[in-house]
Amino acid sequence: MMVETGELTKLQMYIGGEWVAPSGGEYIESVDPFTAKPWALVPRGNAQDADRAIRAADAAFRDGPWGRMHPSDRGVIIHRLGTLIEKHADELAEIEVRDNGRLLAEMRHQIRYVAKWYYYYAGLADKIEGVVHPCDKPALSFSRSEPLGVCVGIVPWNAPLLLFSLKAAPALAAGNTLVMKPAEHTSATALKLMELVEEAGFPPGVVNVVTGYGKEVGEPLVTHPLTRHLGFTGSTATGAYLYSLAAKDVKRASLELGGKSPNIVFSDANLDNAVRGVVGGIFGATGQTCIAGSRLLLHRKVHDEFVDRLTAFTKAARVGDPRNERTQIGPIANQMQYERVLDYVRIAQNEGADLVLGGKRPEHDECARGFFVEPTIFTGVHNEMRIAREEVFGPVLSTIVFDEPEEAIAIANDSEFGLAAGVWTSDMKLALRMSDRLQAGSVWINTYRDISYTTPFGGYKQSGIGRENGIEGIREYLQTKAVWISTAEEIANPFVIG
Ligand code: NAD
């Protein structure tokens, strides 16, 4: 719930079906990255708030109507939430833009698309079937899938409502209850969504949102003894740390982490499309996506022409006010990230990479106040450089030359990450051979940055564990119970098993 208090909007957390103030009474300012001014006050939750939320979710799971509800009826409520999200998409988009500076036009589209996650998983809720096993004993043995209990979701700031929903929709459809923690910079849409959760008819405690800093309120959610699953999206360092905390109590975890994804362009590619795909891959969302195609691997034959075309196309992109329909690249979402991106520009220059475009704040008036960085292109990058190995999470592209497909594969796979890869060629045999060899959870051929609720998404190597989306996505939130019913007349020898 949002309360207008003069200039700033004061937000409240949503726990056990009630709107609550943080028990410590403190708030964090949420800053609009276009104006660089605070616009909202986000409750600074703590361990006490985390405990209250987990207990509410646990009570809703064990004692509330949610656990006893037929999956078809749960599906109806989840579907209703989808329709409410569509109905309120423009309002949610406005809030998201205020929080993280993503383009309003893109967010209006993205939030309508978010509704599809709820429709898809609402439909799956009553299609989770058990299995009768071909048992070798005088018994009927069957297994069924059951929810885990209280699931905690911790998400970052780059696509708050989408990343929230990738976890919430399957977790709820599987019959679990939820405590979500959005990023401290971007909590407003998750809280607005709770108004829609109420309207959709979720029983109290089924969906809860606590807000605040990771260390103060996120960590107590993960370590709480009643938590059964952690769904985390964020940086690899935080994910690995939280995974170690979850492991202490043998809690299940799915992790969607960072990337340094290669976009590989062969000389026979449709270069117009490849330029658009590469630009969308690294400058879309101002480069702040885990799947950013931040390493451009260019075949030597096409290198100079491609860099020229790419530079010309990027130069023409309009950087500015995310609410302006004509803007194509908005600001960086927060000051810390803005400084980090500029640091990486300096690191790349010190390493000897050639700056061919950008690398600084845009000079025009519209970008005077916010956290803006020009779209930036480096050439002459080698895969050993930090700019090719570390995730920048901003509009910075590194170009690397290759001669042979084998060399492209070796460079692409020489990374601790393995989230995504793009291949641009007209030769489908080559494209398929590449897709076989690339160590990445998603491989896009002649396209980039496509995701869908139908298609599994996740990382190889340090980009993550588990999959979101599709039928695999709901499996993360289920556990298997085997049931045995004896068909024997008598138990022959109780001391011999087998
Ligand atoms: P982050 O890891 O700093 O924060 C992510 C979330 O974790 C935030 O909600 C934060 O408050 C919380 N958090 C931080 N420390 C915590 C702690 N000790 N205990 C509990 N919670 C804690 O990441 P970020 O910088 O906000 O987000 C950017 C990162 O997210 C990038 O590395 C990006 O690649 C990754 N990302 C991955 C995907 C994916 O699906 N693979 C999608 C989007 C973003």
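Start at 1 and go down the list; that is how both ligands and their atoms are numbered.
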Query raised in the report: Under the 6.0 Å and 45° cation-pi test, does R369 pair with F34?
Result: yes

- Message: Taking only non-hydrogen atoms of P182, do any sit less than 4.0 angstrom from ligand 1?
- Response: yes

Go through the side-chain N and O atoms of N176 and H229 and say whether any donor and acceptor fall under 3.5 Å apart. no

Numbered in order shown, the ligand 1 atoms found under 4.0 Å of a heavy atom of F457 are 40 (O)

Does ligand 1 come near enough to I154 that some N or O of the ligand is less than 3.5 Å from an N or O of the residue? no

Under 4.0 Å between heavy atoms, the region of V222 that gets near ligand 1 turns out to be neither

If you scan protein heavy atoms around atom 43 (C) of ligand 1, the nearest is N158 ND2, 3.2 Å

Self-check item: Check: G214 N/O within less than 3.5 Å of ligand 1 N/O
Solution: yes

Nearest heavy-atom approach of S23 to N46 is OG-OD1, 3.1 Å

Mind checking whether E219 has an N or O less than 3.5 Å away from an N or O of ligand 1? yes

For the residue pair W444 / N263, report whether a side-chain donor-acceptor contact shorter than 3.5 Å exists. no

Atom 14 (C) of ligand 1: closest protein heavy atom, distance to 0.1 Å, is T238 CG2, 3.5 Å

One pair to check against salt bridge (Lys or Arg N to Asp or Glu O under 4.0 Å): K167 and E468. What are the steps and the verdict? CA-CA 7 Å; K167 301 187 191 320; E468 294 190 315; 2.6 Å; yes

Could K461 and F417 be counted as a cation-pi pair, given that NZ or CZ must be under 6.0 Å from the ring centre and within 45° of the axis?
no

With heavy atoms and a 4.0 Å threshold, my read on which part of L163 contacts ligand 1 is side chain

When distances are taken from atom 39 (C) of ligand 1, the protein heavy atom at minimum range is C290 SG, 3.1 Å

Worksheet item: For residues R74 and Y121, is any side-chain donor paired with an opposing acceptor at under 3.5 Å?
Response: no

The closest protein heavy-atom partner of atom 10 (C) of ligand 1 is E184 OE1, 3.7 Å

In this structure, CD1 of I291 is separated from OG of S463 (nearest 0.5 Å) by 11.5 Å

for atom 9 (O) of ligand 1, nearest protein heavy atom and its distance come out as V155 O, 2.8 Å

I'd like to check whether W157 has a polar contact with ligand 1, where a contact means an N/O of the residue lying under 3.5 Å from an N/O of the ligand.
yes

Are any non-hydrogen side-chain atoms of I409 and M434 less than 4.5 angstrom apart? yes

Atom 28 (C) of ligand 1 has as its nearest protein heavy atom F393 CE2, 3.7 Å

Note to self: Regarding R323 and D32, does a basic nitrogen lie under 4.0 Å from an acidic carboxylate oxygen?
What the structure shows: yes

Before giving the answer on salt bridge (Lys or Arg N to Asp or Glu O under 4.0 Å), spell out for E472 and R467 the whole-Å C-alpha distance, their side-chain angles and the decisive distance to 0.1 Å.
-> CA-CA 6 Å; E472 266 196 73; R467 290 294 175 269; 5.2 Å; no

Practice item. Report yes if Y241 has an N/O atom closer than 3.5 Å to an N/O atom of ligand 1; otherwise report no. Key: no

Nearest heavy-atom approach of V392 to K260 is CG2-NZ, 3.9 Å

With heavy atoms and a 4.0 Å threshold, my read on which part of L419 contacts ligand 1 is side chain

Does the pair R108/D90 count as a salt bridge with the N-to-O cut at 4.0 Å? yes

Practice item. Return yes or no for this condition: an N or O of Y213 is under 3.5 Å from an N or O of ligand 1. Key: no

Notebook entry, point to check: Protein heavy atoms: any of them under 4.0 Å from atom 34 (O) of ligand 1?
Noted result: yes

At under 4.0 Å between heavy atoms, what of L242 touches ligand 1? The answer is side chain

In ligand 1, the atoms that come under 4.0 Å of a heavy atom of A183 are 9 (O)

Residue, atom and distance of the protein heavy atom nearest atom 2 (O) of ligand 1 read S235 OG, 2.7 Å

Take R340 and D343 through the salt bridge (Lys or Arg N to Asp or Glu O under 4.0 Å) test and state the conclusion after the steps.
CA-CA 5 Å; R340 180 184 150 105; D343 274 352; over 6 Å; no

Salt-bridge criterion met for E216 and R44 (N-O under 4.0 Å): yes

Quick check: T233 and ligand 1, any N/O pair under 3.5 Å apart?
no

Of all protein heavy atoms, the one nearest atom 27 (O) of ligand 1 is P156 CB, 3.4 Å

Within the 4.0 Å heavy-atom cut-off, what E391 brings close to ligand 1 is side chain

| message | Is there a polar contact between ligand 1 and L257, counting only N or O atoms under 3.5 Å apart? | response | yes

